[in-house]
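A short worksheet on the structure shown next.
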Amino acid sequence: MAERRSAAAEGLARLSEWADAHLSLLRSLSAGMAVAGVLVLARSVRMTTKFTSALDIPVEFVTKNVKLRGKLHHITEKGLEVEHIPISIPLLTSIQRKWQSKGLLLVRLAGVELAPSGMAWLQQELKPKEMIWFQLLGREELALECLVLVNKGRFLSVCLNEEILRQGLGRTVPIEGLPHDSHLYWKLHRRLLRAEFKALKKHKGIWQEESYYERIRDRISSNKVVQTLRQFVSWLRSS
């Protein structure tokens, strides 16, 4: 037993000597861990912060195309009004809720010009308070240009930007906020164009062809003889 205690004491003494000899290294490691902890905390605070305005979102969130989660409140001509739902960390979130302000983010479907029928389709398809994901692509004043995703089942999500174009309920336009010479811009733009082409090919929505009756009616209306007869009838009525 005495030998074991002697060996343990000797080991402790050696460890103490090593610590004294490498004190500066230990201090550096401690400082590094402290800095890393601060950085992790700062990052978690940002990820758990509730954004109530587009201007509150850090620039790096937009440039890195971060995906955020939110609850849909209203569908307007300007875009979707969404309540941001941040990542929840029990202790930190409960503290932050006490001083977080209220407000809704204005989210626009990037690369899409909605037709009136597209607005009606969104109001019919999206439920009040429905949870959506929106990937940041750009920011223009108080509006966010985003890819908007909606969960449709356990393993299926639908990109509203593509679905609107696939149904022929809008047109493809340049994606605001992304550099037009970037790889991501052309990758997303091609996706949107493919969706629009499917609607065009199937004559869906705004791409529906006029019926045979409508084409005949337009030709008759534009005929010079018919126009002359109409003018003559109008003259008889007026006289």
Side-chain angles (χ1 to χ4, degrees), residues 35-114 116 118-152 156-165 169-170 173-179 182 184-185 188 192:
V35 172
V38 171
L39 292 176
V40 170
L41 178 61
R43 182 178 178 84
S44 64
V45 168
R46 284 192 169 188
M47 293 302 296
T48 58
T49 299
K50 183 175 182 178
F51 301 125
T52 57
S53 170
L55 300 178
D56 295 337
I57 299 177
V59 175
E60 57 267 26
F61 276 40
V62 180
T63 56
K64 293 181 179 179
N65 310 123
V66 171
K67 188 183 296 182
L68 301 176
R69 182 179 60 154
K71 185 187 298 183
L72 178 67
H73 278 252
H74 307 289
I75 300 173
T76 70
E77 294 181 355
K78 294 181 179 180
L80 309 178
E81 293 183 352
V82 178
E83 177 187 358
H84 175 226
I85 306 297
I87 294 174
S88 179
I89 298 178
L91 180 60
L92 188 58
T93 301
S94 60
I95 296 174
Q96 286 180 317
R97 282 176 181 171
K98 297 180 180 180
W99 49 266
Q100 284 178 341
S101 58
K102 296 182 179 180
L104 300 177
L105 299 176
L106 181 60
V107 175
R108 293 199 296 225
L109 299 177
V112 176
E113 180 184 335
L114 274 177
M119 178 76 65
W121 184 84
L122 285 175
Q123 293 171 341
Q124 181 180 357
E125 290 293 318
L126 298 180
K127 301 174 183 178
K129 308 297 183 181
E130 184 166 2
M131 297 297 295
I132 65 174
W133 290 88
F134 50 103
Q135 184 177 6
L136 304 173
L137 299 180
R139 175 170 52 193
E140 186 178 355
E141 297 180 352
L142 297 179
L144 298 169
E145 299 288 338
C146 305
L147 284 184
V148 180
L149 304 172
V150 178
N151 290 329
K152 296 292 183 181
L156 178 65
S157 63
V158 176
C159 176
L160 291 182
N161 308 58
E162 292 182 87
E163 191 62 24
I164 284 287
L165 297 172
L169 304 175
V173 294
I175 301 174
E176 299 297 334
L178 280 179
S182 67
L184 180 60
Y185 176 90
L188 296 178
L192 298 179

Tell me whether K152 at atom NZ has more than 12 heavy atoms from other residues, nucleotides or ligands lying less than 6.0 Å away.
yes
Counting only heavy atoms from other residues, nucleotides and ligands, does the tally under 6.0 Å from CD of E141 exceed 12?
no
Using a 4.5 Å cut-off on heavy atoms from C-beta on, say whether the side chain of [Y] contacts that of [X].
X    : Y    : value
L178 : L188 : yes
L160 : L147 : no
V82  : L104 : no
L106 : L80  : no
P128 : L72  : no
L137 : Y185 : no
T49  : P86  : no
L144 : L105 : yes

Under the side-chain contact (heavy atoms from CB on, under 4.5 Å) rule, what do M119 and L169 come out as? Steps first, then yes or no, please.
CA-CA 8 Å; M119 178 76 65; L169 304 175; over 6 Å; no
Testing the basics here: between [X] and [Y], what is the closest heavy-atom pair and its distance to 0.1 Å?
X    : Y    : result
L149 : K67  : CD1-NZ, 3.8 Å
A54  : A143 : CB-N, 4.3 Å
L122 : L109 : CD1-CD1, 4.3 Å
I85  : K71  : CG1-N, 4.0 Å
C146 : L136 : SG-CD2, 3.9 Å

With sequence neighbours left out, what residues match R108 under salt bridge (charged side-chain N to carboxylate O under 4.0 Å, His left out)?
E140, E145
Residues which pass salt bridge (charged side-chain N to carboxylate O under 4.0 Å, His left out) with E113, listed by chain and number, not counting sequence neighbours
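For E113, no residue satisfies salt bridge (charged side-chain N to carboxylate O under 4.0 Å, His left out) once neighbours in sequence are set aside.
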Between the side chain of [X] and the main-chain N/O of [Y], is any donor-acceptor distance below 3.5 Å?
X    : Y    : value
N161 : G111 : no
N151 : S157 : no
R69  : I132 : no

Would you please classify the geometry between the F51 ring and the H84 ring as parallel, tilted or perpendicular, with 30° and 60° separating the classes?
parallel
Pair listing, side-chain hydrogen bond (donor to acceptor under 3.5 Å, both in side chains) test, anchored in residues 124-135, at least two apart
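Sorted pair list: H73-K129.
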Euclidean distance, N65 CG relative to L184 CG, rounded to 0.5 Å
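Taking CG in L184 and CG in N65, the distance rounds to 5.5 Å.
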H74 side, atom NE2; E83 side, atom CD - distance, nearest 0.5 Å
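It is 10.5 Å, given to the nearest 0.5 Å.
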Applying side-chain contact (heavy atoms from CB on, under 4.5 Å) to L126 and I75, what does each step give before you reach the verdict?
CA-CA 9 Å; L126 298 180; I75 300 173; 4.1 Å; yes
